Amino acid sequence: MKIISIINLKGGVAKTVSAINIAYTLVAVHGKRVLLIDNDKQGNTSKFFGLYDPYGIGLAELLTDKKVDVDNVILQTAYEGLDIITANMNLLRANKEILMDSVRPQQTRLRKKLKKVRDQYDYCIIDNAPDLNLTVVNALVATDDVLAPIKIDQFSFDGLNEILEQIDEVSEFNSGICFKGCFVTMYQRSSVNEQGTALLEQQGYPIFATRIRKTVKVDEMTFAGKPLLEYAKRSTACLDYVALVNEYLDM
Ligand SMILES: Nc1ncnc2c1ncn2[C@@H]1O[C@H](COP(=O)(O)OP(=O)(O)OP(=O)(O)O)[C@@H](O)[C@H]1O
Ligand SMILES: [Mg+2]
């Protein structure tokens with residue numbers, strides 16, 4: 001099982017939309033078995049699949065309760081081949097609890113718990129919160145490849161260095177972690193988008209050639225609760241996510 005973290009410290013850059021569509025593309029186009037992990041207390045990914053439960057057990061309990069096993073928190077989505085570990089506000093408590101717990105290891109919990117399903121899935125995609133808290137650190141310690149969605153605006157560079165620094169720091173626990181690159185989301189042909197992308201390249205960040213175009217179909221998809229390949233398979237963003245996954249797999 002290859003573990004991919006979708007991460008950016010900035011909010012609203014399409015982490016969740018990308019995690020959902022990358023995961024579903026791997027399932028529907030490539031026939032892979034995928035586990036999606038919602039690592040955000042907002043629970044957007046869980047809500048998208050209609051599996052959000054404010055009182056249910058999920059990632060928070062997996063990380064804090066020794067007795068909770070990964071099998072206990074995996075749920076099936078409506079799509080064969082795509083399973084999920086959900087999140088809710090309990091992640092807030094989980095972060096505090098892990099921080100206060102100086103007895104058990106704090107950073108390696110997710111990696112240890114995921115070992116049991118290593119042969120059950122081909123990929124695990126983690127949708128992270130715009131944060132660098134302990135549950136995000138746990139995700140990075142478990143991660144093989146990091147992908148960072150970027151929305152080009154004057155703040156798009158903020159936080160990238162912090163992520164790279166954090167990756168460097170977790171490499172003490174996880175020497176195999178690899179920053180695969182940034183990819184531009186909500187792309188539209190405009191001078192600011194061209195200049196922003198060029199600036200990213202100049203700064204030496206690895207960047208995917210595929211850009212995800214901006215389209216109203218993405219907002220619609222979130223209401224429909226269907227990935228783009230199911231909701232609008234000829235939309236620009238859908239074609240772009242398929243191309244992005246191909247570019248990633250060809251690396
Ligand atoms: N390609 C796109 N075209 C148009 N709108 C998009 C596109 N991608 C994402 N969006 C919209 O941008 C908004 C933010 O997306 P999303 O929730 O995935 O971001 P996020 O990075 O996960 O946010 P958060 O940091 O709050 O978790 C949503 O309203 C989504 O519909
Ligand atoms: Mg999100």
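Each ligand, and each atom within it, is numbered from 1 in the order the structure gives. The basis for the numbers below is simple: all heavy atoms, side chains too, and nothing from hydrogens, waters or symmetry mates. Nothing here was measured: the structure is a model prediction, and the numbers come from that model.
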Please check this pair: side chain of S46 against backbone of A87, looking for a donor-acceptor N/O pair closer than 3.5 Å.
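Yes: the side chain of S46 pairs with the backbone of A87.
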Report yes or no: does Q107 contribute a side-chain atom to a donor-acceptor pair with the main-chain N or O of L134 at less than 3.5 Å?
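Checking the backbone N and O of L134 against the side chain of Q107, no donor-acceptor pair under 3.5 Å is found.
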Step by step, work out the salt bridge (Lys or Arg N to Asp or Glu O under 4.0 Å) result for K41 and D131.
CA-CA 11 Å; K41 64 181 184 309; D131 207 335; 5.5 Å; no
Looking only at non-hydrogen atoms, find the nearest pair between L91 and N39 and report the distance.
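Result for this residue pair: CD1-C, 3.7 Å.
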Heavy-atom closest pair, residues I152 and T197
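Of all heavy-atom pairs spanning I152 and T197, the closest is CD1-N, 3.9 Å.
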Less than 4.5 Å apart, side chain to side chain, heavy atoms only: is that true for D145 and Y248?
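Yes, close enough: below the 4.5 Å cut-off.
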So, at under 2.8 Å, which protein N, O or S atoms would a careful student list around the Mg ion (ligand 2)?
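You should have found T16 OG1.
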Give every pair made of an N or O atom of ligand 1 and a protein N or O atom lying under 3.5 Å apart, one pair per line with both atom names and the distance to 0.1 Å, or write 'none'.
unit_1: ligand 1; atom_1: 1 (N); unit_2: R213; atom_2: O; d: 2.9
unit_1: ligand 1; atom_1: 3 (N); unit_2: T215; atom_2: N; d: 3.0
unit_1: ligand 1; atom_1: 3 (N); unit_2: T215; atom_2: O; d: 3.3
unit_1: ligand 1; atom_1: 18 (O); unit_2: T16; atom_2: N; d: 3.3
unit_1: ligand 1; atom_1: 18 (O); unit_2: V17; atom_2: N; d: 2.9
unit_1: ligand 1; atom_1: 19 (O); unit_2: A14; atom_2: N; d: 3.0
unit_1: ligand 1; atom_1: 21 (O); unit_2: G12; atom_2: N; d: 3.4
unit_1: ligand 1; atom_1: 21 (O); unit_2: V13; atom_2: N; d: 3.0
unit_1: ligand 1; atom_1: 21 (O); unit_2: A14; atom_2: N; d: 3.1
unit_1: ligand 1; atom_1: 21 (O); unit_2: K15; atom_2: N; d: 2.9
unit_1: ligand 1; atom_1: 21 (O); unit_2: K15; atom_2: NZ; d: 2.8
unit_1: ligand 1; atom_1: 22 (O); unit_2: K15; atom_2: N; d: 3.4
unit_1: ligand 1; atom_1: 22 (O); unit_2: T16; atom_2: N; d: 2.8
unit_1: ligand 1; atom_1: 22 (O); unit_2: T16; atom_2: OG1; d: 2.9
unit_1: ligand 1; atom_1: 23 (O); unit_2: G12; atom_2: N; d: 3.0
unit_1: ligand 1; atom_1: 25 (O); unit_2: G12; atom_2: N; d: 3.1
unit_1: ligand 1; atom_1: 25 (O); unit_2: K15; atom_2: NZ; d: 2.7
unit_1: ligand 1; atom_1: 26 (O); unit_2: Q42; atom_2: NE2; d: 3.2
unit_1: ligand 1; atom_1: 27 (O); unit_2: D40; atom_2: OD2; d: 3.4
unit_1: ligand 1; atom_1: 27 (O); unit_2: Q42; atom_2: NE2; d: 3.3
unit_1: ligand 1; atom_1: 29 (O); unit_2: D219; atom_2: OD1; d: 3.2
unit_1: ligand 1; atom_1: 31 (O); unit_2: D219; atom_2: OD1; d: 2.5

Salt bridge D71-K116, side-chain N to carboxylate O under 4.0 Å:
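A salt bridge is present here (some side-chain N lies under 4.0 Å from a carboxylate O).
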In terms of side-chain geometry, is the basic nitrogen of E61 or R93 positioned less than 4.0 Å from the acidic oxygen of its partner?
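Between R93 and E61 there is a salt bridge, with a charged N closer than 4.0 Å to a carboxylate O.
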Using the side-chain hydrogen bond (donor to acceptor under 3.5 Å, both in side chains) definition, which of the options K2, H30, R33, K32 pairs with D122?
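Filter result, single survivor: R33.
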